Amino acid sequence: MDSLWRRWWRPHTLGQVTEATRDRYGQDQWWKSAVVYQIYPRSFADSNGDGIGDLPGITSRLDHLSALGVDVIWLSPVYPSPQDDNGYDISDYQGIDPTFGTLADFDELLAQVHARGMKLVMDLVVNHTSDEHPWFVESRSSTDNPKRDWYWWRGPREGMAAGDPGAEPTNWGSFFSGPTWELDAATGEYYLHLFSRKQPDLNWENPQVREAVYAMMRWWLDRGVDGFRMDVINMISKDTALPDGHQGPGAHHGDGSPHFLCGPRIHEFLQEMHAAVFAGRDGAFLTVGEMPGVTVDEARLFTDPARREVDMVFQFEHVGLDQGDSKWDVRPLDLRDLKASLGRWQAGLAESGWNSLYWNNHDQPRIVSRFGDDGEHRVTSATMLGTVLHLHRGTPYVYQGEELGMTNAPFASIEDFRDIESVNHYRAWVDPGHQSAEEVLAALRVMSRDNARTPMQWDESPHAGFTTGEPWIAVNPNHATVNAAAAVAEEGSVFHHYRRLIELRHKEPAVAHGDFHMLLPHDERVYAFTRRLEDVELLVLGNFSGEDAPADVPDAEAWAGSELLLGNLPDVPDTGPIVLRPWEARIYRRTS
Ligand code: TEU
Ligand code: CA
């Protein structure tokens, strides 16, 4: 079977990414030719049968990641937490939640990761803590507690009494439904929480808060971790005047985002963090800032190496193109919008800065169900989507299960959901009768974060080999056919295609460093672009439709006869015109 793909896969012709290559393209930016794999610990591998994934479970499955060829593991939070938002509500930053294991289990995992030549970055969640974190317990204890100003406390709105409807200090709406202010009856004041009421926001205006965070980061780096993925890090600087947000007709709350996204001191804080945590520290680290709402111009500043803020950011534009006024207002994707958006980010960060590339993470539904076809063409559309993403200029992120082509799950009723964002949305819209249960469920089935959080499908056994117990959320029944064991055994699988894409980034400098040039921007079915580095040029094609689609790229005749580096379908003709079959992808290479 592998021989079938050889015609379309000739690694020996590719240049080696040598020290020279690294130096020529920036030694300290090793992550430009790296691929990151994200693990969501609750759903990856359960080692003790309690139905919840854990650290020893991850350690037992590291060979799967080595075989895939990834360079870095991003670990979603494993710290002590009441798990109100599945660990993104931390009550102790320098420990491991007993559900996931112990610090010794963590050290063993880190040692095993490093022993396989991979790196591990932690999730840094410092826009907010858990309301059970000792810092907040102290802060809420009295208005004159030394840690009162570690959080955002305010009295009721001018002329109103605490607890009165609308007395919240601002009219901002939380990301998890409801207002962003919770009244603390004991002190008669409200505290700010952009996410759940059990995730109070830290007050980064307070230098003690910042120093405490930097000390915690140094503690993890001293323990050997290789960097941080920084949760909603562009929300840590707020407009201290706390103005109300625009509240459109019929909106339950105001939009506070203009007053806390990329706030007035955000660059100052990130530069201070870099200096306090990384400056003078030996090692090859990676930092990526999750930044909802960030623009290309802002990202160029955040990721300009000379400014020493972060190496790259997660932007959200492309994962909002099939959404209307809210993420629950689902719209069909127009491929031209996707090309326009990703094309602008490629162009915007071409000279300085750097992109992260992702289709999936623990907050997004499965891409093959979203932009692909998770039925008849599941494998072909999954491999096409991987090809198009991984050949862009930037650092690709693979979310657990993406390398298997895992799909959205068949959620039947609200009882099947676990995610606080989804459950709160359901309550907020169904209970007061704003929408029918079926209407809200229809949106949840497509967009809920729980689609990303069903257990990893290791094999066809009960519970997909994820646990011997009762999983915390149901396993997708399609694990009978969609699972790692079957994918690894099948050369034409999504797994081996991702393995080849990752090998290509390691072996062909043009993939990591080549200039990006978009083609066919107005084509509604074909995504096409080139990458050029010195005398090497690559042409990348992807058919985003279930029917044959001609790729009328310039010089198509010549390209058709050139070397096909990788395809996701066999029997590719070597003469033009180029017509792509349903969901087909091709990567051509030529030298001039
Ligand atoms: O996500 C931030 C964020 O923007 C998402 O919540 C997003 O708004 C939503 O999921 C998209 O619908 C980060 C973490 O990735 C997420 O898991 C946490 O829930 C959130 O921050 C709070 O820590
Ligand atoms: Ca477990």
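If you're wondering where the values come from, they're calculated on a predicted model, not measured in any experiment. Read the numbers this way: they start at 1 and go in the same order the structure lists the ligands and their atoms.
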* **Those residues that, when tested against Q457, pass side chain to side chain donor-acceptor pair (under 3.5 Å) (two or more places apart)** => N478

* Ignoring hydrogens and angles, state whether a donor on the side chain of D450 or S422 is under 3.5 Å from an acceptor on the partner side chain. => no

* Going by atom types alone, do Y37 and E403 pair a side-chain donor with an acceptor below 3.5 Å? -> yes

* **For K327, atoms of ligand 1 separated by under 4.0 Å from a heavy atom** => 11 (C), 12 (O)

* Determine, using heavy atoms of M291 and all atoms of ligand 1, whether some pair is separated by less than 4.0 Å. => no

* Asked: Any chance the rings of W429 and H252 have centres within less than 6.0 Å?
  -> yes

* So which heavy atom in the protein is nearest atom 18 (C) of ligand 1, and how far is it from that ligand atom? -> D85 OD2, 3.3 Å

* Please identify which atoms of ligand 1 are closer than 4.0 Å to at least one heavy atom of F176. => 19 (O)

* Of the choices N86, D363, N234, which has the non-hydrogen atom that lies closest to atom 5 (C) of ligand 1? -> D363

* CE-CG distance between M216 and D92, expressed to the nearest 0.5 angstrom -> 10.0 Å

* Asked: Within the stated cut-off of 3.0 Å, is an N/O/S atom of T467 closer than that to the Ca ion (ligand 2)?
  -> no

* Asked: When you draw lines from the Ca ion (ligand 2) to OD1 of N48 and to OD2 of D54, what angle lies between them, to the nearest 10°?
  -> 90°

* To do: Please say which of F136, Y190, Y191 ends up in a ring-ring contact (aromatic ring centres under 6.0 Å, His included) with Y151.
  => F136

* Structure fact -> A student checking ligand 1 against R449 at a 4.0 Å heavy-atom cut-off should list atoms 6 (O), 10 (O), 16 (C), 17 (O), 18 (C), 19 (O)

* To do: Go through ligand 1 atom by atom and flag the ones less than 4.0 Å from a non-hydrogen atom of H362.
  => 14 (C), 15 (O), 16 (C), 17 (O)

* Give the atoms of ligand 1, by number and element, whose distance to some non-hydrogen atom of P292 is under 4.0 Å. => 4 (O)

* Does one side chain, of W172 or D255, offer a donor that lies under 3.5 Å from an acceptor on the other? -> no

* Report, in ascending order of atom number, the atoms of ligand 1 lying under 4.0 Å from any heavy atom of H128. => 22 (C), 23 (O)

* Structure fact -> Output for pair (W181 CH2, N171 CG), nearest 0.5 Å, gives 11.5 Å

* Structure fact -> For V232, the ligand 1 atoms with a heavy-atom partner under 4.0 Å come out as 2 (C), 21 (O)

* Scan S81, S196, S130 and name whichever one has a side chain to side chain donor-acceptor pair (under 3.5 Å) with D89. => S81

* Asked: Can a protein heavy atom be found under 4.0 Å away from atom 7 (C) of ligand 1?
  -> no

* May I ask you to check if any N/O/S atom from I52 comes under 3.0 Å of the Ca ion (ligand 2)? => yes

* So, D297 and T295: side-chain donor and acceptor under 3.5 Å apart, yes or no? -> no

* **Contacting atoms of ligand 1, where contact means under 4.0 angstrom from a heavy atom of E421** => 9 (C), 10 (O), 11 (C), 12 (O)

* **Q364 heavy atom under 4.0 Å from ligand 1** => no

* Which atom of D46 approaches the Ca ion (ligand 2) most closely (N/O/S) -> OD1

* **Shortest-distance N/O/S atom, D50 versus the Ca ion (ligand 2)** => OD1

* Going through the distances and angles, do Y214 and E272 end up as a side chain to side chain contact (heavy atoms under 4.5 Å, CB included)? -> CA-CA 9 Å; Y214 305 155; E272 181 188 71; 2.5 Å; yes

* To do: Return the residue, atom name and 0.1 Å-rounded distance of the protein heavy atom closest to atom 20 (C) of ligand 1.
  => F195 CE2, 3.8 Å

* Does a side chain donor of either D201 or N127 reach within less than 3.5 Å of an acceptor in the other side chain? -> yes

* Asked: In the protein, which heavy atom is nearest to atom 3 (C) of ligand 1, and how far is it?
  -> E290 OE2, 3.8 Å

* Asked: Using heavy atoms and a threshold below 4.0 Å, how should the contact between M235 and ligand 1 be classified: side chain, backbone, both, or neither?
  -> neither

* To do: Identify, for atom 14 (C) of ligand 1, the protein heavy atom at the shortest distance, and state residue, atom and that distance.
  => D231 OD1, 3.0 Å

* N361 and Q38 side chains, donor-acceptor separation under 3.5 Å -> no

